[in-house]
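Taking it in order: structure first as structure tokens, then the write-up.
Every chain is numbered from 1 and lettered A, B, ... according to where its sequence line falls, protein lines coming before strand lines.
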2 protein chains.
Amino acid sequence: MSALADFEPYYAVIFTSVLHAETPGYSEMATLIEELAKKQKGYLGFESARSDTGISVSYWKTEEDIRQWKQQSDHLIAQQTGIQNWYQYYKVRVCKVEREYEFTDHTAQL
Amino acid sequence: MSALADFEPYYAVIFTSVLHAETPGYSEMATLIEELAKKQKGYLGFESARSDTGISVSYWKTEEDIRQWKQQSDHLIAQQTGIQNWYQYYKVRVCKVEREYEFTDHTAQL
């Protein structure tokens, strides 16, 4: 368990979604968009998991970086396609990460 | 797509984890802890998904509610058991939700 004394706040976008039963082209687009995000200014990281609900969290240096990413042209196309074809529901939350801590079991292979 | 004009900021705890291959008692405890959280002061909601990585996000009215929840006695036992038995890795991020928007496809059955 550790906490960074000189912690610098950053931003998280929590994207929660429920997909339609059929989502042609979705996983290819998800991979493409993740690759694209990595090249974007201010990108810090990405985590994703899906059960009935999908949760993807992307991390960014500043709120401005998030705004730029939202307006990126290929990403705009993906958002539009998502609304038309893939999502029953989604919710986007833009958050400021104010503190964090983590645990690693060093006896285990990650 | 909608945005609340009178949006009131609230808090999110993003809990990202990688489990060990064997996690005896984990799912029972997860259910129990979720039930417990719902009764806690300031609780707003909970979302969870697991692929290789698990992401759980709980939502709270204030940071103080999060601190209280972290110190709740049964939850402390769960945290300790998790460190000993279930988690290879976890990271906790406490975030302030600053804005949000959502989309619902009203032609689909949720």
Can you confirm whether more than 12 heavy atoms, excluding those of B:E8, are under 6.0 Å from its CD atom? no
Could you tell me the separation between the CZ atom of B:R99 and the NZ atom of A:K96, rounded to the nearest 0.5 Å? 13.5 Å
Parallel, tilted or perpendicular, judged at 30° and 60°: which one describes the rings of B:Y90 and A:F103? tilted
Heavy atoms only, distances under 4.5 angstrom: which of B:T53, B:I14, B:D52 has the most pairs with chain A? Name it, please. B:I14
Could you check A:V97 against B:V94 for side chain to side chain contact (heavy atoms under 4.5 Å, CB included), going step by step and ending with a plain yes or no? CA-CA 6 Å; A:V97 182; B:V94 177; over 6 Å; no
State plainly whether one hydrophobic cluster holds both A:I33 and A:I77, where clusters connect Ile, Leu, Val, Met, Phe, Trp and Tyr through side-chain heavy atoms under 4.5 angstrom apart. no
Please state whether the side chain, the backbone, both or neither of B:Y11 comes within less than 4.5 Å of a heavy atom of chain A. side chain
Looking at chain A, which one of B:Y87, B:Y59, B:F15 has the largest number of heavy-atom pairs inside 4.5 Å, strictly under? B:Y59
Are B:V13 and B:L76 co-members of a hydrophobic cluster defined by side-chain heavy atoms under 4.5 Å apart? no
Intermediate values then yes/no, salt bridge (Lys or Arg N to Asp or Glu O under 4.0 Å), B:R93 and A:E98: CA-CA 8 Å; B:R93 292 176 176 94; A:E98 298 191 335; over 6 Å; no
Any donor-acceptor pair under 3.5 Å linking the side-chain atoms of A:E47 with those of B:T16? yes
Please indicate whether A:K61 has more than 12 foreign heavy atoms, meaning atoms of other residues, nucleotides or ligands, lying under 6.0 Å from its NZ. no
If you look at every heavy atom in A:S51 and B:A49, which pair is closest and at what distance? OG-CA, 3.4 Å
Where does A:L19 contact chain B at under 4.5 Å (heavy atoms): side chain, backbone, both or neither? neither
Using non-hydrogen atoms and a 4.5 Å limit, figure out which bit of B:S17 sits close to chain A: side chain, backbone, both or neither. neither
